[in-house]
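The shown structure was predicted, so the numbers you read here are calculated from the model rather than taken from an experiment. No hydrogens, no waters, no symmetry mates; every other heavy atom, side chains included, goes into these values.
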Amino acid sequence: MTGPDGPHRGPGGDGGDGRDLAREEEERAVEQALALVGGTTLRPSRGRGTPGASGTPGTPSAPGASAGDVSSGPSGSPGSDRPGSSTPTGNGPDGSDPAGNGPDRSAPPGSARAGSAPTGNSPRAGGRSTGARAAAQASGSDQRPRTDRSSSEAPTPTAEPATPKAPPLSWDRARAVATRAGRTGPPATIRLPLDRALGHVLAEPLGALTDLPSFDTSAMDGWAVAGPGPWAYEAGAGLLAGRGPETPLPDGTAVRIATGARVPPDTTAVIRSEHAHPDEAKGLLHARRSVVTGQDIRPRGQECRSGEQLVPAGTVVTPAVLGLAAAAGYDAVPAVPRPRVDILVLGDELLTAGLPHDGLIRDALGPMLGPWLRALGAEVAGPVRLGDDAGALRDALASSTADLIVTTGGTASGPVDHVHPVLDALGAELLVDGVAVRPGHPMLLARMPAPGQMKGQAEGPYLVGLPGNPLAAVSGLLTLAEPLLAGIAGRPAQDAYRALVHAEVHGHPHDTRLVPVVHRAGRAGGRDHVAPLRYNGPAMLRGIAAADGLAVVPPGGVRSGTEVEILDLPWAPATPWTEGCFT
């Protein structure tokens with residue numbers, strides 16, 4: 001058999017080239033057949049020494065070979081336990097990608113090579129081989145056991161032991177990673193007319209362009225008076241909003257004035273119509289109540305002075321913010337563009353209409369994700385349904401121009417779970433690969449390379465891989481997508497708050513649980529609290545449909561009367577409500 005450095009001579013072997021070549025061809029055929037059905041390759045790594053690889057146990061097979069290189073499974077990841085990749089790597093006759101991507105012979109030792117799986121030295125490895133390497137080093141060896149190929153008989157193909165996957169991140173840490181990822185750079189800024197700015201986030205603080213009000217105005221319909229009364233007046237319409245002379249008001253006189261009208265210079269006060277008694281016969285105005293200097297006059301700059309900050313950057317533009325901006329003199333406001341999101345729905349078992357039948361189920365996530373992401377401030381394209389097609393998934397990821405790609409399903413390690421292998425093939429950087437949370441633990445967060453750039457240059461869109469179960473997908477939305485989008489859009493992070501929970505809530509032994517809850521008003525002076533909802537299984541939406549938020553339940557659960565962190569839903573009502581039959 002031909003090893004990485006030349007003909008291999010096993011113990012007692014005669015080095016016959018014909019038999020060795022025949023044996024290698026037989027082994028290669030077996031390996032390729034296994035790869036096509038989701039098996040694990042048996043081919044030794046070309047980048048590190050293994051016992052029997054060159055006839056000298058423990059000797060590197062090539063000068064300068066990296067000790068950190070490991071052989072690739074069919075998914076292109078070290079020791080992959082995710083079968084089912086349609087584009088296995090490292091199984092070509094020369095160790096190249098069968099798709100035509102040969103090994104990068106010029107890559108320095110320990111680097112990620114084009115056409116090879118990322119190693120533990122690559123930022124794209126996502127920490128998946130770190131635990132295995134640490135364990136090997138602790139035992140005094142960094143070599144993986146391999147099949148003994150020195151026998152004169154062809155070995156029985158056996159799968160290599162999978163590299164242990166790094167433990168999932170804690171829920172708090174995963175959410176923090178997503179928050180930081182969304183705030184890696186300053187948000188872009190565009191200027192939007194007021195009629196298009198609703199729902200965007202201010203990219204800059206909004207400062208007043210003028211004093212508000214910009215002149216002294218009347219706060220009431222009534223009479224503007226100067227000096228002590230009674231006051232002489234003349235019949236007529238008086239001063240109206242938007243009109244009025246700038247001439248001073250003579251002492252001892254009065255003039256009718258409308259709300260919002262400019263107050264004449266030297267005006268002492270405004271007397272409300274109901275507090276004034278005009279004597280038409282004498283042409284004198286009398287006050288029914290005492291008059292205080294400055295009463296019912298809005299002085300210039302009462303609300304703000306020119307240049308004063310009205311609202312900070314990061315404020316969501318609401319109808320009230322639009323009104324304030326207009327009053328302060330704005331025709332357009334500096335805003336952050338809404339993050340653009342593509343949704344890719346995976347799974348051959350999904351129906352888009354009709355009743356479930358014959359093992360097929362309705363797609364619940366396609367209709368749900370778009371509105372949910374729009375409620376988080378994103379601009380969302382319609383969902384694209386790809387089925388279980390690794391090639392279609394790869395093409396969709398490689399061609400996306402969105403800021404965020406959201407996939408549904410395919411994040412575990414089943415035979416048609418293609419998300420991990422395709423991300424590996426594209427050179428994506430895994431930032432979060434599994435979270436210690438239930439439901440939703442197979443969720444992931446990755447950064448795609450920019451189109452046309454070298455692998456490892458994390459400049460492309462982010463990807464949030466959601467589990468296929470509906471409530472598990474909601475967990476992924478709130479854990480990873482919501483804080484990521486908040487950062488990209490320049491929104492402030494959701495304020496964490498805690499509430500009493502009325503009922504014992506069982507927890508997972510080791511992981512955080514996210515449980516749908518509904519707010520309840522306290523009775524007889526009692527505190528407001530939340531109540532857990534019954535239908536909280538990973539595949540259930542009945543509970544979340546009635547919920548105001550999700551309670552963050554620590555491992556082990558909580559007792560009734562304990563405070564728990566609450567994640568509000570984007571449409572949660574402002575006041576508590578009851579959930580009817582859902583408890």
Side-chain angles (χ1 to χ4, degrees), residues 167-179 372 375-376 432 434-443 466-467 469-486 491-583:
L169 295 182
S170 68
W171 180 81
D172 288 331
R173 186 177 176 193
R175 194 166 162 83
V177 169
T179 300
W372 196 307
L376 295 176
V432 175
V435 179
V437 66
R438 303 302 172 110
H441 63 283
M443 68 181 73
L466 302 178
N469 278 325
L471 189 58
V474 169
S475 174
L477 277 176
L478 294 181
T479 301
L480 299 178
E482 186 271 332
L484 177 73
L485 285 173
R491 292 172 179 255
Q494 183 181 130
D495 291 334
Y497 73 95
R498 304 178 72 82
L500 288 177
V501 59
H502 275 204
E504 180 179 356
V505 184
H506 297 289
H508 187 271
H510 311 292
D511 296 349
T512 299
R513 278 192 72 203
L514 300 183
V515 178
V517 294
V518 64
H519 289 294
R520 293 271 184 80
R523 298 179 179 177
R527 290 178 58 183
D528 293 350
H529 60 274
V530 296
L533 300 175
R534 282 178 52 194
Y535 299 100
N536 52 35
M540 298 181 179
L541 287 175
R542 189 175 175 183
I544 196 68
D548 299 324
L550 290 170
V552 182
V553 180
V558 294
R559 296 180 178 179
S560 180
T562 303
E563 283 193 344
V564 292
E565 182 179 348
I566 302 295
L567 298 176
D568 278 335
L569 301 180
W571 52 84
T575 55
W577 56 292
T578 58
E579 73 288 351
C581 66
F582 294 96
T583 55

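The shortest side-chain heavy-atom distance between Val437 and Ser475 falls under the 4.5 Å cut-off. Residues Leu569 and Trp372 have side chains in contact (heavy-atom distance under 4.5 Å, counting atoms from C-beta outward). Within the 4.5 Å cutoff, the side chain of Arg175 has no heavy atoms near those of the Leu480 side chain. His519 places a side-chain heavy atom less than 4.5 Å from the side chain of Asp568. Put simply, the side chain of Leu550 does not reach to within 4.5 Å of the side chain of Ile566, judged on heavy atoms. Using a 4.5 Å heavy-atom cutoff, the side chains of Pro570 and Leu376 are in contact. Using a 4.5 Å cut-off on side-chain heavy atoms (C-beta onward), Pro467 and Met443 make contact. A 4.5 Å side-chain heavy-atom check between Thr512 and Val552 finds at least one atom pair inside the cut-off.
With Arg438 contributing its side chain and Asp511 its backbone, the two residues share no donor-acceptor pair below 3.5 Å.
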Begin from the C-alpha positions of Arg527 and Glu563 and carry the test salt bridge (Lys or Arg N to Asp or Glu O under 4.0 Å) through to its verdict. CA-CA 11 Å; Arg527 290 178 58 183; Glu563 283 193 344; 2.9 Å; yes
Taking it one step at a time, do Val177 and Leu169 satisfy side chain to side chain contact (heavy atoms under 4.5 Å, CB included)? CA-CA 10 Å; Val177 169; Leu169 295 182; 4.2 Å; yes
Side chain to side chain contact (heavy atoms under 4.5 Å, CB included), that's the test. Do Thr562 and Leu500 meet it? Break it down for me. CA-CA 5 Å; Thr562 303; Leu500 288 177; over 6 Å; no
After noting the C-alpha distance and the side-chain angles of Val553 and His506, does the key distance pass the side chain to side chain contact (heavy atoms under 4.5 Å, CB included) rule? CA-CA 8 Å; Val553 180; His506 297 289; over 6 Å; no
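Taking every heavy atom of both residues into account, Asn469 and Pro538 meet most closely at CB-O, 3.2 Å. Val517 approaches Ala551 most closely through the heavy-atom pair CG1-CB, 3.6 Å. Pairing each heavy atom of Ser170 with each of Ala436, the nearest pair is CA-CB, 4.3 Å.
Rounding to the nearest 0.5 Å gives a distance of 8.0 Å between CG of Leu514 and CG of Leu471. Note that CG of Leu466 is 5.0 Å distant from CG of Leu477, once rounded to the nearest 0.5 Å. Rounding to the nearest 0.5 Å places OG1 of Thr479 at 7.5 Å from CG of Leu567.
The aromatic rings of His529 and His502 sit parallel to each other, their planes meeting at less than 30°, with 60° as the upper class boundary.
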